[in-house]
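Right, one structure below, let's go through it.
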2 protein chains.
Amino acid sequence: MATILDIARLSGVSKSTVSRVINNHPHVSEDSRTKVMEAIEKLSFVRNARGVNLRTQTSKTIGVTIPVLDHPYFSPLVGMIAAKCRKAGYKIVIFQTFYSIDEENKIYEKLTENELDAVIITHTLLGEKKIKQRVRDKIVLICNEPLQTRHLDVFSLDERDAVYSSTQYLLKEGRNQLLFCADEEKTPLQRQRWEGFKQAHLDLNKSCTIQQKLSGYSTIEEGILLGDEIFSGHCNHDGIFAGSDFLAAGLLSSAKKHGVSVPKELSIIGFDNHPICLTTFPALSSIQNQTELMVKDLMHCLLDRLEGKKFPTVRKVYKGNLVIRGT
Amino acid sequence: MATILDIARLSGVSKSTVSRVINNHPHVSEDSRTKVMEAIEKLSFVRNARGVNLRTQTSKTIGVTIPVLDHPYFSPLVGMIAAKCRKAGYKIVIFQTFYSIDEENKIYEKLTENELDAVIITHTLLGEKKIKQRVRDKIVLICNEPLQTRHLDVFSLDERDAVYSSTQYLLKEGRNQLLFCADEEKTPLQRQRWEGFKQAHLDLNKSCTIQQKLSGYSTIEEGILLGDEIFSGHCNHDGIFAGSDFLAAGLLSSAKKHGVSVPKELSIIGFDNHPICLTTFPALSSIQNQTELMVKDLMHCLLDRLEGKKFPTVRKVYKGNLVIRGT
DNA sequence: GTGAAAGCGCTAACAC
DNA sequence: GTGTTAGCGCTTTCAC
């Protein structure tokens, strides 16, 4: 593998000049430039990024956390982030946490080891202090998770409000025995959803107990399994608030299997307004959010931070709305 | 940020000893070790990976290509790869190609720039020569794409055979006007599928024309749109071979909307046996593949290559089978 | 416009 | 068991 020194020798100039040519610096004579270019061509030289990284103390790489790579909500979210990063000249490395605190800690470790220029956290089981303590002065942005913090930039959806108004909608429709299904309940996001659910009941003078809350379900398979459990005996619920559209689709197919009529006997509301909503029968009602806008603002802020611009911590919240379909 | 030199000074030993402690080398006195550990603790030192990367000429990072991050087949595939890489101590950086040759070239560029220790290609629009020419002597493995090459390790599914037998199944069931829907038709994989489709017709003395082949469809939305086109007028097809389960689900929902009875008038077969198959009505028939096994073998080979083991090019093909459900 | 020289943070061969 | 030393490949002052 040729280095700039090889190029320098072959073209009869110094390492500095070669570097200038590679980096398109001005103030290089046309003569030197062509000689260097020829040498580069001849030795099929490619610049070794590891040298650059050490010297410049950057790597043009951004870390992103995701619970699982294959996730109907997080995959598109991270995909959007990745595409925008690429456009700005950054690569992204993805860390799957599997909702494990250990795995989450590891990404912060990588950040402090300077392999990453910044990290975007899409969900977290850790609190502000823990995160801060691990990342110290590095660039960290929170995307999607409504983390309570005054020291990190946070871009999140108004989960509480979205669930609140959807729950009220169901209650006002005459549904009384609602069920709330959460993914991983220990994140701030899931807590907010549950609060919205609870508050909606309170504000309409309806009781709401912890028995109405189920946790740890999110995939189609889990929806089917859960549904088989709920619907096999006597089901006294007339409405289910599912944490994701996939879960909702699984529940719906199970309900049909057990002869539970949707939406007559049972209403189901999903989350994220994934296209899968259109393939079920009846089509799934779901909560739609402004994720694109959120990512756009996030990237704007990230790029500013990477440029070293100074400004106060950003905190933005985006409203969602219920899309009513057949369930 | 403290460096090993700072640690060395504070603990009264040399850089080498600090390095030995950090890397758990034997032959370090208990005394030195504790002194170093204390200094590390005191200065909250974390090793700077950029220095290590330059020195060792590795980065414990593997690049993986994916068409889009949010893809019902590729997301779980890459997720599995990522999880196994992590276990082996490697990070992965994901490159979305969006089926663009330009984007694909960029990942090979990164590879030659030494930012990556190896690359896993899951699909490609380029031929063997182009890839070889760009990556030169770097480690490249092909996962999923049945690329014709004698110089790269290839792990792929027997797409041709899976489609062949499924098509024969449909034809023998009495279906005569089949439609074949491909994702991005320019990859070797899609060509193989089409060949299987064609051959199945030939072997049963049925005609098969290029008009039966549709390309560029893969998502639920595209399935619905395509279905609306096909089913709105008079539909003379009695069987559709969809390139993915999501596409199939979209087609199915559109068929129902237009009053086309499935499976009576129309049969639909999907690909990948995604859980979504269980949520449609009727449940989708689909082709199931041995992806887990493929990834397992791939990783084994990759790790061997990274260790520098020498062995002839590996080429493995895995059989799939049709899971018959309601469509 | 160009080159010499310093150094980013780390590891490892070698000598003791 | 430990320190000295060289150097991975690159960028960037600074002087000319």
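All heavy atoms count here, side chains included; hydrogens, waters and symmetry mates do not. In the text below, chain A, chain B and the rest are named by the order of the sequence lines, each starting its count at 1.
- If you take NE2 of A:H27 and P of D:dT11, they are 18 Å apart, rounded to a whole angstrom.
- In this structure, CD of A:E115 is placed 12 Å from P of C:dC10, rounded to the nearest angstrom.
- Between the NZ atom of B:K15 and the P atom of D:dG1 there is a distance of 22 Å, given to the nearest Å.
- Candidate nucleotides D:dT11, C:dT11, D:dG9 were compared by shortest atom distance to the side chain of A:T56, and D:dT11 ranks first.
- Residue pairs meeting the ring-ring contact (aromatic ring centres under 6.0 Å, His included) criterion with at least one member in residues 110-146 of chain A, sequence neighbours excluded, are A:F74-A:H123, A:Y99-A:H123.
- Stacking of B:K316 on the aromatic ring of B:F155 is not recorded, the 6.0 Å distance cut-off and the 45° axial limit not both being met.
- Contact of the A:D31 side chain with the A:K35 side chain is registered, since non-hydrogen atoms from C-beta on lie closer than 4.5 Å.
- Of all nucleotides listed (C:dC8, C:dT11, D:dC8), C:dC8 comes nearest to the side chain of A:Q57.
- Contact annotation for A:S29: backbone-only contact, meaning every heavy-atom pair under 4.0 Å involves sugar-phosphate atoms and none involves a base.
- When the nucleotides D:dT12, C:dC10, D:dT2 are ranked by their closest atom to the side chain of B:R20, D:dT2 comes out on top.
- Along DNA chain D, the nucleotide closest to B:S32 and the one closest to A:G51 are compared, and the more 5′ of them pairs with B:S32.
- Residues B:R55 and B:S14 both approach DNA chain D. Their nearest nucleotides, taken by heavy-atom distance, put B:S14 toward the 5′ side.
- Closest approach to the A:V13 side chain among C:dG3, D:dC10, C:dG1 is made by C:dG3 (side chain taken as heavy atoms from C-beta onward).
- A salt bridge does not link A:R315 with A:D153: every distance from a Lys NZ or Arg NE/NH1/NH2 to an Asp or Glu carboxylate oxygen is 4.0 Å or more.
- Summarising the geometry, the separation between NE2 on B:H25 and P on D:dG3 is reported as 15 Å, rounded to the nearest angstrom.
- Distance B:L5 CG to D:dG3 C1': 13 Å, rounded to the nearest Å.
- Taking side-chain N and O atoms only, B:S19 has a distance below 4.0 Å to OP1 or OP2 of C:dT11.
- In this structure, the CD1 atom of B:I22 is 9 Å from the C1' atom of C:dC10, given to the nearest Å.
- Here the options are B:K91, B:R47, B:K60, B:R50, the test is salt bridge (charged side-chain N to carboxylate O under 4.0 Å, His left out), and the partner is A:E115; only B:K91 passes.
- Across all strands shown, A:S16 has heavy atoms under 4.0 Å from base atoms, whether or not it also approaches the sugar-phosphate.
- Mapping A:P26 and B:A49 onto DNA chain C by nearest heavy atom places A:P26 at the nucleotide closer to the 5' end.
- Contact annotation for B:N23: backbone-only contact, meaning every heavy-atom pair under 4.0 Å involves sugar-phosphate atoms and none involves a base.
- Contact between the side-chain N/O atoms of A:T17 and the OP1/OP2 oxygens of C:dG3 is found at a separation under 4.0 Å.
- Taking atom CG of A:N48 as the reference point, atom P of C:dC10 lies 18 Å away to the nearest angstrom.
- Between B:N114 atom CG and D:dC8 atom C1' the separation is 11 Å, expressed in whole Å.
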